Amino acid sequence: MGYEACDGGPEELAAALLCLDEVSKDLKGELDLVDAEERFCERWECKTLVVQHLLRSEVMSHRCDSALGAALDGVLLSRDLTTVYADGSGLRRGLHAGSFLWRTGIGILQGRLRGLTNEGTHREPAFRACQECDQVGVMEGRLCGRLVRAKDPELVGLQITAAYRISFDASEQGGRGGVAGTIEGVLIRSCDPKTDCGC
């Protein structure tokens, strides 16, 4: 079994023979609110807001895309994007997860999204002051998956791992409406040690 991008550790990564291709994408789409429910925890005297969204986005090539990455233009869909927000408010920090299906020019990618909502990592003192620590209307995290249906048999087993950042209209209920974002990552092809993968 080759390197598993979603679960592999440093030892497996160091031992693997891989070919990497850059992925650089712009996103534009819609976030639809499916369900929202307040929950209370008596033990810790806290409340949360659990929100489910439907995310549908067009995926378009950006200038840092590789030739293989450019073939991933298409549509990304997450039907179960779920966020748990602190203090029962969609304007507070949240933890999100979801599955995705990404229809591309080379086939269909499937995998998971995981990250944080309403947080600002691009803040002082480490970065220019383009965000605050409590930035609302931002989802940021890691996308990881694989090509499950390939038009070219040579690409069977292709994996993707990437950082994503999505801007949306936040609200007390969790937000909805238009979204825009970016995906920056790599496509991963494993090589058999006995052969040259041509990278």
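This one's a predicted model, so the numbers in the text were calculated from it and none came from an experiment. FYI, side chains are in, hydrogens and waters are out, and symmetry mates aren't considered; it's all heavy atoms of this structure.
- In this structure, Ala162 and Ile183 approach most closely via the heavy-atom pair CB-CG2, 3.5 Å.
- Shortest non-hydrogen contact noted between Arg142 and Ala5 is NH2-O, 2.6 Å.
- Arg63 and Ser24 form no side-chain donor-acceptor contact under 3.5 Å, judged by distance and modelled atom types alone.
- In this structure the side chain of Phe168 reaches within 4.5 angstrom of the side chain of Met139, judged on heavy atoms.
- Scanning all heavy atoms of the two residues, the minimum distance from Arg93 to Asn118 falls at NE-O, 3.1 Å.
- Salt bridge annotation for Arg92-Glu172: absent, with no cationic side-chain nitrogen under 4.0 angstrom from a carboxylate oxygen.
- Side chain of Asp21 to backbone of Ser66: no donor-acceptor contact under 3.5 angstrom is found.
- A donor-acceptor pair under 3.5 Å is formed between the side chain of Ser78 and the backbone N or O of Ser99.
- Residue-environment remark: CD (Glu154) stays at or below the threshold of 12 foreign heavy atoms within 6.0 Å.
- Leu27 places a side-chain heavy atom less than 4.5 Å from the side chain of Ile166.
- Contact of the Val51 side chain with the Tyr85 side chain is registered, since non-hydrogen atoms from C-beta on lie closer than 4.5 Å.
- Considering every non-hydrogen atom in both Lys28 and Ser57, the closest pair reads N-OG, 3.2 Å.
- Between Asp169 and Val179, the closest side-chain pair of non-hydrogen atoms is not below 4.5 Å.
- Here the closest heavy-atom approach between residue Leu49 and residue Ala36 is recorded as CD1-CB, 4.2 Å.
- A donor-acceptor contact shorter than 3.5 Å is absent between the side chain of Asp87 and the backbone of Ser89.
- Put simply, the side chain of Thr83 never gets that close to the backbone of His96: no donor and acceptor are under 3.5 Å apart.
- Applying the 6.0 Å contact sphere to CZ of Arg103 captures no more than 12 heavy atoms from other residues, nucleotides or ligands.
- A pairwise comparison of heavy atoms in Leu91 and Val136 identifies O-CG1, 3.3 Å as the closest pair.
- Two residues are said to be in side-chain contact when any heavy atoms from C-beta on lie closer than 4.5 Å; Ile108 and Leu101 meet this criterion.
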### Task
Start with the C-alpha distance between Cys6 and Cys144, add both sets of side-chain angles, then the distance that settles disulfide (SG to SG under 2.5 Å), and finish with yes or no.
CA-CA 6 Å; Cys6 297; Cys144 194; 2.1 Å; yes
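- Thr117 has its side chain out of reach of Leu95: every pair of non-hydrogen atoms, C-beta onward, lies at least 4.5 Å apart.
- Note that OH of Tyr3 and CG of Asp7 are 9.0 Å apart. Values are rounded to the nearest 0.5 Å.
- Between the side chain of Gln135 and the main chain of Arg123, no donor-acceptor pair closer than 3.5 Å is present.
- Under the 4.0 Å criterion applied to side-chain N and carboxylate O atoms, Asp73 and Lys25 are assigned as salt-bridge partners.
- Glu42 has its side chain out of reach of Phe40: every pair of non-hydrogen atoms, C-beta onward, lies at least 4.5 Å apart.
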### Task
Check step by step if side-chain contact (heavy atoms from CB on, under 4.5 Å) holds for Phe100 and Leu77.
CA-CA 6 Å; Phe100 71 84; Leu77 180 68; over 6 Å; no
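- In terms of modelled atom types and a separation under 3.5 Å, the side chain of Tyr164 and the main chain of Arg114 share a donor-acceptor contact.
- At distances below 3.5 Å, at least one donor-acceptor pair connects side-chain atoms of His53 with backbone N or O atoms of Gly175.
- In this structure the side chain of Ile106 never reaches within 4.5 angstrom of the side chain of Asp152, judged on heavy atoms.
- Heavy atoms of other residues, nucleotides or ligands lying less than 6.0 angstrom from CD of Glu12 number more than 12.
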